[in-house]
Number of protein chains: 2
Amino acid sequence: MSEHVHRPSEQSGPSTIVDVAKAAGVSVATVSRALRGLDRVSPQTRARVERIAAELNYVASPTATSLASGRTRIVGVVVPFPARWYFAAMVSAIGRALRERGYQVLLFDLERDVFDTRLRLTGSMLWKRVDGVISINIPMTEAELELLAGLHVPVISLGYRLPGRATVAIDDRAAAGTATEHVLSLGHREVAYIGVGRDGADLIQTPLDRLAGFRAALADRGIPVREDWLLPSDWTAEDARDLARTLLADPDDRPTAVVCGSDEMAFGVFMAALEHGLSVPADLSIVGIDDHYLAEVFSLTTVRQDVEAQGEHAVALLLEELAEPGRATRDRDRILPTELVIRSSTALVGDADTPAS
Amino acid sequence: MSEHVHRPSEQSGPSTIVDVAKAAGVSVATVSRALRGLDRVSPQTRARVERIAAELNYVASPTATSLASGRTRIVGVVVPFPARWYFAAMVSAIGRALRERGYQVLLFDLERDVFDTRLRLTGSMLWKRVDGVISINIPMTEAELELLAGLHVPVISLGYRLPGRATVAIDDRAAAGTATEHVLSLGHREVAYIGVGRDGADLIQTPLDRLAGFRAALADRGIPVREDWLLPSDWTAEDARDLARTLLADPDDRPTAVVCGSDEMAFGVFMAALEHGLSVPADLSIVGIDDHYLAEVFSLTTVRQDVEAQGEHAVALLLEELAEPGRATRDRDRILPTELVIRSSTALVGDADTPAS
DNA sequence: CTGAAAGCGCTTACAG
DNA sequence: CTGAAAGCGCTTACAG
């Protein structure tokens, strides 16, 4: 085994920058410059280095590059419920945008245990590991933000507005207002709302804002709010279904329309209606918010938010901040538009052209 | 600004192992050993080092650790459609299992562009960046596996069986068999199947195996297969709904039960049935496979696969392989069980106790 | 049990 | 335009 065998095409072997430098007859510094496209390298030298690097199957060790440069080209994406559609779609959109720019995503799952895990995150998980962070719908305190600042990792908040910080979000209040006004414009006056935040969720803005949007829409038309029809939920489809079962039980006192804080909850209400033999939209109009990937299949009228665009924007902001610290913080709070998508879960009140039970 | 100010609790400042060593009056080697829990460090020394490290807010730079040790403690998770429930749930499960063991997940999104992207993956994205890879439902060729081997990154295949390699999966054939046998046992004889793989998907095992399971179940009972009721689909809920609209259009020639290759497709069939005024399960039984997170809400009878357990197993296998190369490859092919979950989308054939239209 | 030193594989001023 | 050398912050034999 001591014979020196030449194996140039060694199964993508671990060739280093030194190997390339030797083979090209230049210094490692030159290889580094040539391959990274820096100037001050003669075209001929660059071409040769590139060719030899390709032949040797050279790929710079990201770990060494990171240590030397102080940048990892990795961004941490922090998520509370990675398996839920909204978050999964957002992570996917962010990943796509990041990849195009040569970055990768390290996934941080808060596993519902928001506070504890966030603290652990800060200390040992982010330090020198990511260039920046995008947090999705996570209520951050000022103290935590300062900690992150101390670690020198810029953070973009997506979905959760941080006053004075770089944020990308939709106007939840307006979105809920649009959804509500839609059913009001169809003549509905007996309308319930599912999606009031439960205890402990009072830090989360989305439920608060959407509820506010609902109330405001009613107020705008001078319609009184049935407080007992403002239903607190954990925002799962199951819970919404259970709530709706009760809500719709009494034929003599039930709403003609239900506004849901999310499409998933709307799915639950839809099933509860079917169970009660009510047809949608003849007997009950249902409107959601989000435009969940199954909303079209279930013909759900909803207010669409553009997850893709939000991910894109968050990435753009973060990279601006990375390129020029302080930049993204200047023009903060990018609010992206939402849009009413009318499908067939809503109809004019009392419009029983579909045979009701 | 040239005054030397003592700031021991400097906002989680970048203190290095050298700082700790100096403060503790020992060498960096000792700090390293003490903090990593290696032996050959006196209890007193270790205690002091630990205390001082804590005071200095020291966290080892993962990038430096990786370069020195050759291990990143990061595993790449490769996924074709990260926003779809199955994949998102799997990534989440894997992440949880990994985190418990001190690893993190770097997300690789194939973005449908399977072949191209996989090649790029191999070269520059994985090299020296991850200790191992878990690929979810991705058909890998022998050539690609060899490339990965050349990079020295072990790979566990999840959902896609690699002959002779470490694989974690369910028995798709058996799962579909269970689903099919369930409706057969309810007396159904006119049963359709939605979820035959489309062109280009012939490499993906799941559609093939589930279809085979469907056929086998019918064969076991000597029931002939209606070939025109074996519907190719792209496996989205929309597509399944569209297919079912046609399938269910003719009252004189339509199935009494539909077996779906996935729950998402079952949702689509469910909606098509409603559109046709059919009630489920009185007029049509529907059974899915997966136990999608919305399956319970839609009362869908299905064959459950345990995503959590599969993620766990994949992680366990990978870490075994990391600890002892060659180990995981020995006892390959871990097939996890599936389980029939009967809800109310299936009923005895012709059992019209629910008022049919 | 502990330390000095080499090494991991790059990048980055600094010279020339 | 190019090279020699220091440095990034750890880990790992090797001595003692």
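In the text below, chain A, chain B and the rest are named by the order of the sequence lines, each starting its count at 1. From a predicted model like this one, the values you see are computed outputs, not experimental measurements.
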Are any of [X]'s side-chain N or O atoms less than 4.0 Å away from OP1 or OP2 of [N]?
X     : N      : value
A:S32 : C:dT11 : yes
A:R36 : C:dT12 : yes
B:R71 : C:dC8  : no
A:S27 : D:dT2  : no
B:T30 : C:dG3  : yes
B:S69 : D:dT12 : no

Quiz prompt | Minimum-distance nucleotide (side-chain atoms of A:T65 versus C:dT11, D:dT11, C:dG9) | solution =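 The nucleotide sitting nearest to the side chain is C:dT11.
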Quiz item: From the list D:dG9, D:dT2, C:dT11, which nucleotide is the closest neighbour of the side chain of B:A68?
Solution: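 The closest nucleotide is D:dG9.
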Quiz prompt | Step-by-step side-chain contact (heavy atoms from CB on, under 4.5 Å) determination, B:V153 to B:R129 | solution = CA-CA 10 Å; B:V153 340; B:R129 183 160 270 157; over 6 Å; no
Exercise. Please assess A:R161 against A:S157 for the test side chain to side chain donor-acceptor pair (under 3.5 Å), listing each intermediate value before the final yes or no.
Key: CA-CA 7 Å; A:R161 264 168 292 105; A:S157 179; over 6 Å; no
Practice problem: For the pair A:R99 and A:Q104, evaluate side-chain contact (heavy atoms from CB on, under 4.5 Å) and give the outcome as yes or no after the intermediate values. | Solution: CA-CA 6 Å; A:R99 215 164 302 115; A:Q104 309 222 13; over 6 Å; no
Send over the distance from [X] [atom1] to [N] [atom2], rounded to a whole Å.
X      : N      : atom1 : atom2 : result
B:W127 : C:dC10 : CH2   : C1'   : 13 Å
A:Y58  : C:dG9  : OH    : C1'   : 7 Å
B:L35  : D:dC10 : CG    : C1'   : 12 Å
B:D19  : D:dC10 : CG    : P     : 9 Å
A:R73  : C:dC10 : CZ    : P     : 16 Å
A:L67  : C:dG7  : CG    : P     : 17 Å
B:I17  : D:dG9  : CD1   : C1'   : 8 Å

Quiz item: Can you list the steps and then say if A:L158 with A:N137 is a side-chain contact (heavy atoms from CB on, under 4.5 Å)?
Solution: CA-CA 6 Å; A:L158 213 161; A:N137 267 39; 5.7 Å; no
Practice problem: Starting from the C-alpha separation in whole Å, work towards a yes-or-no answer on side chain to side chain donor-acceptor pair (under 3.5 Å) for B:S66 and B:T63. | Solution: CA-CA 5 Å; B:S66 295; B:T63 223; over 6 Å; no
Quiz item: In dot-bracket form, how is DNA chain C paired, counting a Watson-Crick or G-U wobble pair only if both its distances are under 3.5 Å and using | for bases paired to another strand?
Solution: |||.||||||||.|||
Practice problem: Would you classify B:T45 as touching base, sugar-phosphate or nothing, given that sugar-phosphate means primed atoms plus P, OP1 and OP2, and contacts are heavy atoms under 4.0 Å? | Solution: sugar-phosphate
Detail all sub-3.5 Å separations between protein N/O atoms and N/O atoms belonging to nucleotides 13-16 of chain D.
{"residue": "D:dA13", "atom": "N6", "partner": "B:R33", "partner atom": "NH2", "Å": "3.3"}

Practice problem: From the options A:L107, A:V155, A:V133, select the one residue that forms a side chain to side chain contact (heavy atoms under 4.5 Å, CB included) with A:V78. | Solution: A:V133
Quiz item: Do A:R36 and A:S32 meet the criterion of a side-chain donor-acceptor pair at a distance under 3.5 Å?
Solution: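 There is such a pair between these side chains.
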Exercise. Report the C-alpha distance between A:E321 and A:R165 in whole Å, list the side-chain angles of each, state the deciding distance to 0.1 Å, and finish with yes or no for salt bridge (charged side-chain N to carboxylate O under 4.0 Å, His left out).
Key: CA-CA 11 Å; A:E321 177 68 26; A:R165 308 267 183 164; over 6 Å; no
Quiz item: Side chains of A:I136 and A:Y86: does their closest heavy-atom pair fall under 4.5 Å?
Solution: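 Yes, side chains in contact.
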Quiz item: Just checking, A:R84 and A:F87: is the charged tip under 6.0 Å from the six-membered ring centre and within 45° of the axis?
Solution: no
Exercise. Select from B:R46 and B:A64 the residue whose nearest nucleotide in DNA chain C is closer to the 5' end of that strand.
Key: B:R46
